[in-house]
Amino acid sequence: MKRTSEQVSLTSASFEDLVREQLLRLGEDPEREGLERTPERVAKALKYLTRGYQEDPEKLLKGALFTVNYDEMVIIKDVEMFSLCEHHLLPFFGKVHVAYIPRGKVIGLSKIPRLIDAFSRRLQVQERLTTQIAECIQQAIEPEGVGVVIEARHLCMMMRGVEKQHSAAVTSSMLGSFRTEQETREEFLALIRAKNGNGF
Ligand SMILES: [Zn+2]
């Protein structure tokens, strides 16, 4: 593998070259034993952590819609979520809670965590992630309403020592009856809070 230098333009540099250059600029020695294979590992890890770009969330749901005669709230809570903040490329992670009231169609339960993955394994901000999940469900099954709540901790805040008190952020997106009917929204929030022992 070539060392990055002036005659290598950024576009022709491999991902590994760019990581090696970053290590140099951090004052490290990319040749030392522990760092020797780090550029390859970082390239591989980042590819994995952003694999959501390779997924089509709408297509994902399309194959898993079922017609039902059920009009009570469907709730999937405490789904683990790992993402990277687009401002610092540092992780934020936590729990996602999703609920909807069907209008003739439901989504296969196992598809909800996959949908969350498809959107979270990208460079994100928590607010957009929340909205994207809600809107995707809204479009796929046109339910009475959808609610999505995300509770997450941001390493960019925790590790940099800024606004530590805000390192756990809660965002929500309420559509349809979850937006217009307080009762529906409260039922959802009460169900989330019930035996919520995850430390948030
Ligand atoms: Zn950040």
Side-chain angles (χ1 to χ4, degrees), residues 48-87 89-154 156 166-196 198 200:
Y48 182 80
L49 298 178
T50 57
R51 67 188 190 278
Y53 290 121
Q54 261 59 258
E55 300 221 40
D56 181 344
E58 277 166 45
K59 217 165 137 196
L60 191 86
L61 293 190
K62 235 173 231 160
L65 304 183
F66 305 98
T67 306
V68 288
N69 214 341
Y70 180 83
D71 59 4
E72 297 296 321
M73 190 178 292
V74 176
I75 176 161
I76 302 101
K77 60 180 230 171
D78 296 330
V79 181
E80 278 193 337
M81 176 280 296
F82 297 92
S83 191
L84 288 176
C85 100
E86 68 183 20
H87 301 133
L89 304 190
L90 287 172
F92 67 96
F93 57 95
K95 298 271 162 86
V96 184
H97 315 289
V98 174
Y100 62 91
I101 298 175
R103 188 159 49 187
K105 273 191 178 132
V106 294
I107 299 166
L109 286 179
S110 69
K111 290 292 188 262
I112 298 289
R114 286 200 54 199
L115 176 71
I116 292 167
D117 243 28
F119 282 122
S120 61
R121 301 297 189 153
R122 302 172 183 209
L123 304 186
Q124 274 289 10
V125 293
Q126 188 179 332
E127 293 85 346
R128 187 175 64 227
L129 174 61
T130 313
T131 314
Q132 283 177 332
I133 295 166
E135 283 175 352
C136 193
I137 293 170
Q138 176 67 38
Q139 276 169 17
I141 54 169
E142 295 180 343
E144 293 292 334
V146 188
V148 176
V149 169
I150 301 185
E151 304 167 291
R153 291 175 181 277
H154 294 247
C156 61
H166 297 129
S167 62
V170 181
T171 48
S172 69
S173 177
M174 305 285 176
L175 304 175
S177 57
F178 283 69
R179 180 180 284 273
T180 55
E181 285 165 35
Q182 194 185 351
E183 206 180 315
T184 304
R185 198 163 53 237
E186 271 167 12
E187 184 187 343
F188 173 38
L189 297 176
L191 284 166
I192 294 174
R193 263 181 248 119
K195 70 169 183 66
N196 195 342
N198 56 26
F200 282 101

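Just so it is clear, the model here is predicted, and its values are computed rather than measured.
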Ile76 and Val79, any side-chain heavy atoms less than 4.5 Å apart: yes
Side chain Gln126, main chain Ala169, donor-acceptor under 3.5 Å: yes
Backbone of Phe119 reached by a side-chain donor or acceptor of Gln124 within 3.5 Å: yes
Glu187: which of Leu191, Leu189, Thr184 passes side chain to side chain contact (heavy atoms under 4.5 Å, CB included): Leu191
Residues, nucleotides or ligands: over 12 heavy atoms within 6.0 Å of Tyr48 OH: no
Close side-chain approach of Val98 to Ile75, heavy-atom, < 4.5 Å: no
Atom CZ of Arg179 with >12 non-hydrogen neighbours under 6.0 angstrom: no
Between Gln139 and Glu135, a side-chain donor and acceptor under 3.5 Å: no
Side-chain (Tyr100) to main-chain (Ile107) donor-acceptor, under 3.5 angstrom: yes
NZ/NE/NH1/NH2 to OD/OE distance under 4.0 Å, Glu55 and Arg114: yes
Close side-chain approach of Arg121 and Gln54, heavy atoms under 4.5 Å: no
Side chains of Ser120 and Ser83, donor plus acceptor under 3.5 Å: no
His154: which of Phe93, Phe92, Phe82 passes ring pair (Phe, Tyr, Trp, His ring centres under 6.0 Å): Phe92
CD/Glu58: more than 12 non-hydrogen atoms of other groups inside 6.0 Å: no
Face-on cation placement of Arg185 at Phe188 ring, 6.0 Å and 45° thresholds: no
Arg122 side chain vs Gly52 backbone, donor-acceptor pair below 3.5 Å: yes
